[in-house]
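Input: a single structure, listed below in structure tokens.
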Amino acid sequence: MYYEPEIMNAYKLLHEGVLAFAHAEQQGIRIDMEYVTLKMKHLTRTIEKLEANFSKTKFFRHWQHTVKGKVNIHSNVQLANFLYKIKGIQIEKETVSGQGATDEEALRKMDIPELSDLLQIRKLKKIRDTYLDGFIREQVDGYIHPFFNLHLVKTYRSSSDSPNFQNIPKRDEEAMMIVRRALCPRPGHQLLELDYSGLEVRIAACYHKDKTMLAYINNPASDMHTDMAKQIFIIDKFNKDLPSHNVLRQAVKNGFVFPEFYGDYYKNCAESMACSWGKLGRGVWKPGQGIDMPEGHLADHFIKKGIKSFPKFVDHVQKIEKDFWGRRFPEYAKWKETWWREYKKKGYLIMHTGFRCSGIMSRNDVINYPVQGSAFHCLLWSFIELDKRLERKEMNSKIVGQVHDSIIIDIDPRELEEVVKLVYKITCQDIQKTWPWIIVPLDIEIELCPIDGSWAEKEKYEFRYFFS
DNA sequence: GGAACTCGCCAC
DNA sequence: AAACGTGGCGAGTTCC
């Protein structure tokens, strides 16, 4: 059988990657056991209290009245049955198998106060049972040793388990603080995390080489998300330092730009931006609705601009999508077509890093796999290189984990400057020499927690003065 | 009594 | 033409 020569580079990356990951697994991450034990007790008390209150409500008594045995408030089968069959609520959202959904979005739409209480219970149980209990179960002498796998993901990314170190809460402030407080450096050390900034966007650009996108990446003062926010929300004097404008920018970034890159389309994007972020309804908009900003409420602003209802906004976003791929990023759009056509002809695709994806893939798979995979491989290459260098220098600082585009180091404060310089050299400079296909600059951000602090306390670390 | 499934939810 | 990519895991439920 014929293999393209690049496949040996891919093999080498996997081989060395497995060894480097094993090294990190062996190090492990320290858990503040005293804290976790105490916090679990607190959470259990709070959950019991919330459950007791919940079972006193009219809602619960009605529910209990309609079933033969005992209600289990954590059973979504029972909950769906009660809400949709007994109470006769119209199903607005279905699960993948076509049942009435009972996820947060579905429950919030029903506007029943008791369901908010149920969601709060769910959230605390998730924190306790998935994360804190997982740490307790997996720890050995106060250290967890999460596995990092390289053989399980279709795109040749990694996965993690026992416990999964790649889905520790971050967005929800309360969950983040509770769970990350449990993760600590070794005594006298600090936890440091280095993140590649916008890695997937940059690696995508190495494939499609779109002129406009390259300009955005090469000019740090430019901001694609702000430009798109101006266009979508029709605001000329856009100021992202204004809290309300920043909400719109985030809405555009997470509700339009990234979903479009992943292959989503205008209808979902319009809904996400207007309803989830802008807090507007799906019908005709009325004055005073939506988030508040200097231009007035979002609804008033849109009405003034001639967009009086959600359907009108959908049309508006459709035009912007057309403009996005047709005028702004035509070379990116062309690349998507070329790769899809090539895949259909050959039945496989080869990444810049030498990995081959074959089997049945959708159009979205074909545009996402190479980008997701090779972006991760940049991280993996850096991980391997850094691991070797720390080992060779016999440093006390050790890599302990990785989250797709970031590396977590348990660092000896005395080695901080040396490690940071090394990290920057490897992640942003050396990698360019190894892989000439990386035609964009790569950049990182660093976060650091205090000595003997926890991962919840990490803060942005200004390291650039080392280089000035 | 365990395997396999669904659902919901956490991350990038 | 089609219509969001990749995972892990806990709890409940169903199947054998």
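Residue numbering restarts at 1 for every chain, and letters A, B, ... go by the order of the sequence lines.
Near DNA chain B, meaning a heavy atom under 4.0 Å from it, residues 130-159 of chain A has Y131(A), R157(A) in order of number. For residues 322-350 of chain A, proximity to DNA chain B is found at no residue, defined as any non-hydrogen atom under 4.0 angstrom from a strand atom. Within residues 106-127 of chain A, the residues that place at least one heavy atom under 4.0 Å from DNA chain B are, in residue-number order, R122(A), K126(A). Contacts with DNA chain C (heavy atom under 4.0 Å) in residues 362-376 of chain A: R363(A), N364(A), D365(A), N368(A), Y369(A), Q372(A), listed by number. Residues of residues 35-45 of chain A having a heavy atom closer than 4.0 Å to DNA chain C: none are found. Within residues 60-88 of chain A, the residues approaching DNA chain C are N72(A), H74(A), S75(A), V77(A), Q78(A), by heavy-atom distance under 4.0 Å.
To the nearest 0.5 Å, atom CG of residue N72(A) and atom NZ of residue K70(A) are 9.0 Å apart. From E138(A), atom CD reaches atom CG of N164(A) across 11.0 Å, with rounding to the nearest 0.5 Å. Once rounded to the nearest 0.5 Å, the distance linking CG of D315(A) with CZ of F310(A) reads 10.0 Å. S55(A) contributes atom OG, which lies 12.0 Å from atom CD of E114(A) (distance to the nearest 0.5 angstrom). The distance from the OH atom of Y131(A) to the CD1 atom of I178(A) is 12.5 Å, given to the nearest 0.5 Å.
Among residue pairs with one or both ends in residues 345-355 of chain A, those qualifying as salt bridge (Lys or Arg N to Asp or Glu O under 4.0 Å) are E342(A)-K345(A), E342(A)-K346(A); sequence neighbours excluded. The salt bridge (Lys or Arg N to Asp or Glu O under 4.0 Å) contacts involving residues 28-38 of chain A comprise D32(A)-R181(A), where partners must be two or more places apart or lie in separate chains.
Counting any heavy atom pair closer than 4.0 Å across all strands shown, Q99(A) reaches sugar-phosphate atoms only and no base atom. If you check every strand for non-hydrogen atoms under 4.0 Å, A175(A) touches nothing. Nucleic acid contact for P169(A): sugar-phosphate only, since backbone atoms but no base atoms lie under 4.0 Å from a heavy atom of the residue. As judged by a 4.0 angstrom heavy-atom cut-off over every strand, S406(A) is placed among residues making no nucleic acid contact.
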Name each donor-acceptor pair under 3.5 Å that joins a side chain in residues 9-19 of chain A to protein atoms two or more places apart or in another chain, with its distance.
| unit_1 | atom_1 | unit_2 | atom_2 | d |
| --- | --- | --- | --- | --- |
| Y11(A) | OH | H15(A) | ND1 | 2.7 |
| E16(A) | OE1 | K388(A) | NZ | 3.3 |

Distance-only donor-acceptor hits, side chain of residues 140-152 of chain A, under 3.5 Å, sequence neighbours excluded:
| unit_1 | atom_1 | unit_2 | atom_2 | d |
| --- | --- | --- | --- | --- |
| H145(A) | ND1 | E25(A) | O | 2.6 |
| H145(A) | ND1 | Q26(A) | O | 3.4 |
| N149(A) | ND2 | S159(A) | O | 3.4 |
| N149(A) | ND2 | S159(A) | OG | 3.0 |
| N149(A) | ND2 | D161(A) | OD2 | 2.9 |

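Here E193(A) pairs with K458(A) in a salt bridge; the nearest charged N to carboxylate O distance falls below 4.0 Å. A salt bridge links R108(A) with E104(A); the closest basic N to acidic carboxylate O contact falls under 4.0 Å. The pair R186(A)-D410(A) meets the salt-bridge criterion, with a side-chain N (NZ, NE, NH1 or NH2) lying under 4.0 Å from an Asp/Glu carboxylate O. Salt bridge status for D172(A) with K123(A): present, with a side-chain N to carboxylate O gap under 4.0 Å. Remark: K109(A) engages E105(A) in a salt bridge, criterion side-chain N to carboxylate O under 4.0 Å.
With a 6.0 Å cutoff to the six-membered ring centre and a 45° limit on the axis angle, K87(A) does not count as a cation-pi contact of W63(A). The side-chain tip of R356(A) points at the ring of Y348(A) from less than 6.0 angstrom away and within 45° of straight on.
Proximity of the aromatic rings of F21(A) and F383(A) is defined here by a centroid distance below 6.0 angstrom, and this criterion is met. Checked against the 6.0 Å centroid criterion, the rings of F258(A) and H225(A) qualify as a close aromatic pair. In this structure, the ring of F165(A) has its center less than 6.0 angstrom from the ring center of W455(A). Aromatic rings of Y156(A) and F376(A) (six-membered ring for Trp) have centroids beyond the 6.0 Å cut-off, not under it.
A 4.0 Å heavy-atom criterion places the boundary nucleotides of DNA chain B facing chain A at dT6(B) to dC12(B), written 5' to 3'. The footprint of chain A on DNA chain C, defined by a heavy-atom cutoff below 4.0 Å, extends from dA1(C) to dT13(C).
Ring geometry for W335(A) versus Y207(A): interplanar angle of 30 to 60°, hence tilted.
Here the rule is side-chain hydrogen bond (donor to acceptor under 3.5 Å, both in side chains) with E260(A), and of W325(A), Y332(A), Y266(A) only W325(A) fits it.
Side chains of Q231(A) and D323(A): a donor-acceptor N/O pair is present below 3.5 angstrom, by distance only.
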